[in-house]
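See below for the structure under consideration.
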Amino acid sequence: MRNGSTNQSGKILATSEEFVPTAFHLPSELSASALPDLESVSWQVAMKRAIRSGSELRKAVGLPPDSAEVMGADGKLACEHDFQTFAPLEFVARIQPGNPDDPLLKQVLPVVDEQVEQAGFAADPVGDLNALVSPGVLHKYEGRALILTTSACGIHCRYCFRREFPYRETGSRQDDWLPSLNYLQNHPEVEEVILSGGDPLTTSDEKLSELILAIENIPHLKRLRIHSRMPIVIPQRITPELVKRLSSSRLAVWMVIHANHPQELSESVISRLGNMIDAGIPVLNQAVLLRGVNDQAEILIDLCRCLVNHRIQPYYLHQLDRVRGAAHFEVPVETGRKIIESLRAALPGFAVPQYVVEEPGAKSKSPILDTHCNDNP
Ligand SMILES: *Cc1c(COP(=O)(O)O)cnc(C)c1O
Ligand code: SF4
């Protein structure tokens, strides 16, 4: 059982019994200089001591508390009850103290803007519930099926399109992948399995290895893709054991990480991902275009340049999925197009991500083309 009492409907949460919070005193200096110490603990400990409320997070980054009238009696904003705050210290240390506009802070700090209802922003913006073909499996696109490996994440991104996803009702459970495996077994047209979630790398190496073994034992499966933000938020998650397990698989293993801003790419993030790439696992990055975070060409140019300098290929730049509570993150498509044009002018072709939007029912992610070849807004 999960112990997320504030989260009755089984949405994304990191409060499974493995990650119950531990009492932990924040280092007085929670800034980039504290990173080596922070990352010397195991990733499981990092999960347990993550910050779990907006007020705690504000304190940790040296910001004044929210005004009393917007906070509930429990010291939380109403939106925190819908989607709990969760920010590991390793990520928080990369936030510039005292800066309310910090691009990393904006991704994790709950704000009253989330409570503003906005037409067109819904609970299941990408039609995932329609693509649920079996408990825990989404099969939308030809040849690849996505497994909801777990509902836990290593960070709670306020813009997340799965923030309202009913994990509990969809039957994806960390201790029961059998229905998913049966589905894969019975569908020879699937050649690639995508482990997603939640975040599959919040699963232990042992459990993950069992799951991978079961996938390896299905002969028609050729590729394994892992979608995870853990390498960015808690880089020590890339353990030598994990690298070894993935690189010795009979499957072609691809890793897709999720960074939105160059400030997320700390030295250890880069070096741990380097270990993975050295072991023969290609690493791609996806980002979401977010207002106030990365909606300027220079920021995304820096991000993509840093990625390719370290052999990571920018894959997708996603237009925001219109999930309830995230309207304040939306960037107009026209702005996105101009940004992509600037990227194209500044970077090698392989460093420019595909700008895409997810449309319910479509056969793939839908490309948003450059201004000069598409007049639709
Ligand atoms: C995004 C997504 C994929 C992967 O799409 P690619 O274009 O291959 O990266 C697969 N299945 C589902 C359900 C998805 O949402
Ligand atoms: S964007 Fe990814 S890592 Fe962030 S909350 Fe959503 S599923 Fe979890």
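Every number for a ligand or one of its atoms is a count from 1 in the order of the listing. All of these numbers come straight from a predicted model, not from anything done at the bench. All residue numbers in this chain count up from 1 along the given sequence.
The residues Glu90 and Arg49 are annotated as salt-bridged, a charged nitrogen and a carboxylate oxygen being separated by less than 4.0 angstrom. For the pair Arg144 and Glu192, the salt-bridge criterion is not met [side-chain N within less than 4.0 Å of a carboxylate O].
Of all the heavy atoms of Arg144, the ones lying under 4.0 Å from any atom of ligand 1 belong exclusively to the side chain. Here Arg225 has side-chain heavy atoms under 4.0 Å from ligand 1, and that is the only part of it that gets that close.
Note on Cys153: not counted as a metal contact of atom 4 (Fe) of ligand 2, no N/O/S atom lying under 2.8 Å. Metal site remark for atom 8 (Fe) of ligand 2: Cys160 contributes no N, O or S atom at a distance under 2.8 Å.
When the options Arg229, Arg272, Met230, Met47 are evaluated for a side-chain contact (heavy atoms from CB on, under 4.5 Å) with Arg237, the one that passes is Met230.
Between the Asp66 side chain and the Ser55 main chain, no donor and acceptor come within less than 3.5 Å of each other.
For ligand 1, the atoms sitting less than 4.0 Å from at least one non-hydrogen atom of Leu146 are 11 (N), 12 (C), 13 (C), 14 (C), numbered in the order shown with element in parentheses. If you number the atoms of ligand 2 from 1 as listed, the ones under 4.0 Å from a heavy atom of Arg229 come out as 3 (S).
Gln286 and His318 share a donor-acceptor pair across their side chains, judged by distance under 3.5 Å alone. A side-chain N or O of Glu216 and one of Ser249 form a donor-acceptor pair less than 3.5 Å apart. Using modelled atom types, one finds no donor on one side chain facing an acceptor on the other under 3.5 Å when comparing Asn182 with Ser134.
At least one N/O-N/O distance between Tyr315 and ligand 1 falls below 3.5 Å. Residue Lys365 has at least one nitrogen or oxygen atom sitting less than 3.5 Å from a nitrogen or oxygen atom of ligand 1, judged on distance alone. The N/O atoms of Tyr316, backbone and side chain alike, include one that comes under 3.5 Å of an N/O atom in ligand 1.
Residue Ile194 holds the heavy atom nearest to atom 10 (C) of ligand 1 of all those in Val193, Val356, Val256, Ile194.
Ligand 1 lies nowhere less than 4.0 angstrom from a heavy atom belonging to Glu192. Residue His258 places a heavy atom less than 4.0 Å from ligand 2. Remark: distances from the non-hydrogen atoms of Asp199 to ligand 2 are all 4.0 Å or more.
At a threshold of 4.5 Å between non-hydrogen side-chain atoms, the residues Leu201 and Met255 count as touching. Counting only heavy atoms from C-beta outward, the side chains of Leu195 and Leu208 approach each other to under 4.5 Å.
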